[in-house]
2 protein chains.
Amino acid sequence: MDTKTLCLATLSLGDATGYEIKKMFEEGSFSHFYDAGFGSIYPALNKMLSEELVNCQYVDQAGRPDKKVYSLTEKGRERLIQELHKAPAFDKIRSECVVMMFFAHLLSDSQTERVFDTYVNQYKQGIQCLQELDLSEAAHGRRFVHGLGLKLYETIVEYMEQHREQLLNPLPDQAPPGAVADDEENLPGGAA
Amino acid sequence: MDTKTLCLATLSLGDATGYEIKKMFEEGSFSHFYDAGFGSIYPALNKMLSEELVNCQYVDQAGRPDKKVYSLTEKGRERLIQELHKAPAFDKIRSECVVMMFFAHLLSDSQTERVFDTYVNQYKQGIQCLQELDLSEAAHGRRFVHGLGLKLYETIVEYMEQHREQLLNPLPDQAPPGAVADDEENLPGGAA
DNA sequence: ATAACCATGTAAATGGTTACATGATTAG
DNA sequence: CTAATCATGTAACCATTTACATGGTTAT
């Protein structure tokens with residue numbers, strides 16, 4: 001699924017600027033299952049304008065560049081529906097944190113902690129974002145997906161907190177030799 | 001994190017061919033947090049060979065092409081550790097199924113069902129893969145990550161099954177107008 | 001017979017990220 | 001005064017995906 005389709009999908013929820021579409025991917029309903037940067041959103045929007053999949057209204061703003069508010073055309077709506085009826089690909093996940101945690105035995109204590117915290121905080125923030133959304137007007141699919149996202153995030157945070165010691169202070173027989181010395185800290189006893 | 005680093009990481013668990021590395025991403029311990037295809041693995045391996053990050057032993061095989069078994073060099077191990085100590089990026093998730101389920105109100109009933117099944121089956125298979133792994137020799141990080149993956153997959157399957165009706169047979173007031181007529185089926189009553 | 005599996009690789013096409021470029025406003 | 005937010009866009013770079021190319025073995 002390319003950025004074009006994602007933009008069409010976003011616009012089906014209401015007119016928006018490229019800037020606002022980006023925010024949807026960062027903080028809004030889409031944050032937990034897709035992302036896109038300006039470098040792919042703006043070109044996608046311009047391509048779709050020339051294909052007549054979207055319309056554009058220019059809104060003058062003092063000082064700032066003109067706001068360009070995009071809206072779906074009928075053709076765009078048809079294209080969106082067509083794309084949504086293709087065979088879905090499997091999920092693609094790229095989690096650097098999980099790779100790093102997998103190789104905890106090669107990490108310094110400080111890096112292990114840093115990765116752990118990054119991961120937990122990412123999903124704690126995600127939970128907050130999802131909880132702040134107003135779904136009173138939302139269609140059933142959106143509610144379903146929202147509930148799934150929330151559940152997943154909560155599961156991650158819960159697992160991380162429950163198994164913190166397993167990662168950060170493993171029992172000696174769980175930590176084979178070859179570990180990296182830490183340049184900053186050195187807990188003499190470990191988990192006492 | 002690029003394919004090169006992922007290959008180094010895989011090789012730190014034991015010598016392997018490109019083909020076997022791919023399998024690790026599909027069925028092994030890595031399946032739930034990263035992926036890579038042949039088109040990126042083989043070039044990565046060759047580049048690393050010229051950078052002396054890996055060694056290669058050719059194993060003759062009757063009929064089949066020579067097997068090329070790669071192993072980490074000391075330089076490769078150092079590079080891996082260096083990469084693992086960088087600041088981790090946030091997770092990137094691309095889930096076409098979730099996008100489609102979000103827009104269930106634009107989908108035909110048959111497509112909704114297809115997407116639902118694709119999603120559930122993906123993670124049911126994932127659970128099976130993870131359960132078949134032998135972790136008796138695994139380091140603590142690997143066990144930690146394995147537990148996390150399993151927990152997440154189980155949570156997804158459980159949520160999907162518990163909320164099946166919400167997606168496939170929503171109550172009328174949860175399904176706003178604009179739904180697409182199905183070309184194959186038509187349930188007259190819905191959830192009575 | 002046919003499909004799937006083992007096994008490696010290249011080239012072209014696609015597409016996404018990063019850095020650059022501009023510039024006013026507002027909050028700390 | 002500085003950083004963040006609003007607002008758009010291009011170009012170079014980087015990486016991945018897909019299709020192509022080869023070819024024997026094993027299971028159905």
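Everything quoted here is computed from the prediction, not taken from an experiment. Chain naming here is simple, since letters A, B, ... match the order of the sequence lines and numbering starts at 1 in each. No hydrogens, no waters, no symmetry mates; every other heavy atom, side chains included, goes into these values.
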Separation of [X] atom [atom1] from [N] atom [atom2], in whole Å?
X      : N       : atom1 : atom2 : answer
I41(B) : dT18(D) : CD1   : P     : 14 Å
D66(A) : dA24(C) : CG    : P     : 14 Å
M1(B)  : dC14(D) : CE    : P     : 19 Å
L49(B) : dG9(C)  : CG    : C1'   : 14 Å
K22(B) : dT18(D) : NZ    : P     : 11 Å
D60(A) : dA24(C) : CG    : P     : 16 Å
Y42(B) : dA21(D) : OH    : P     : 19 Å
F90(A) : dT16(D) : CZ    : P     : 21 Å

- Query: Pick the nucleotide of DNA chain C nearest each of K92(B) and G39(B); which residue has the one closer to the 5' end?
  - Reply: G39(B)
- For K23(B) and for F38(A), locate the closest nucleotide of DNA chain C by heavy-atom distance; then report the residue assigned to the nucleotide nearer the 5' terminus. K23(B)
- Message: Within the 3.5 Å criterion, strictly below it, is a donor on S95(B) or D91(A) matched to an acceptor on the partner's side chain?
- Response: yes
- Query: Under 3.5 Å, is there a donor-acceptor pair between the D109(B) and T112(B) side chains?
  - Reply: no
Kindly say if [X] contacts the phosphate of [N], meaning a side-chain N or O under 4.0 Å from OP1 or OP2.
X      : N       : answer
K67(B) : dA7(C)  : yes
T17(A) : dC6(D)  : no
T3(A)  : dG15(C) : no

- So, the side chain of H85(B) versus the backbone of S108(A): is there a donor-acceptor pair under 3.5 Å, distance only? yes
- Message: Can you confirm if the aromatic rings of F38(A) and Y42(A) lie within a centre distance of less than 6.0 Å?
- Response: yes
- Does a salt bridge link E158(A) with K151(B), judged by any charged N lying under 4.0 Å from a carboxylate O? no
Consider the side chain of [X], meaning its heavy atoms from C-beta on, and name the nucleotide among [options] that approaches it most closely.
X      : options                  : value
Y70(B) : dG16(C), dT10(D), dG9(C) : dG9(C)
D2(A)  : dG15(C), dA7(D), dT16(D) : dG15(C)
Y19(B) : dC6(C), dT17(D), dT17(C) : dC6(C)

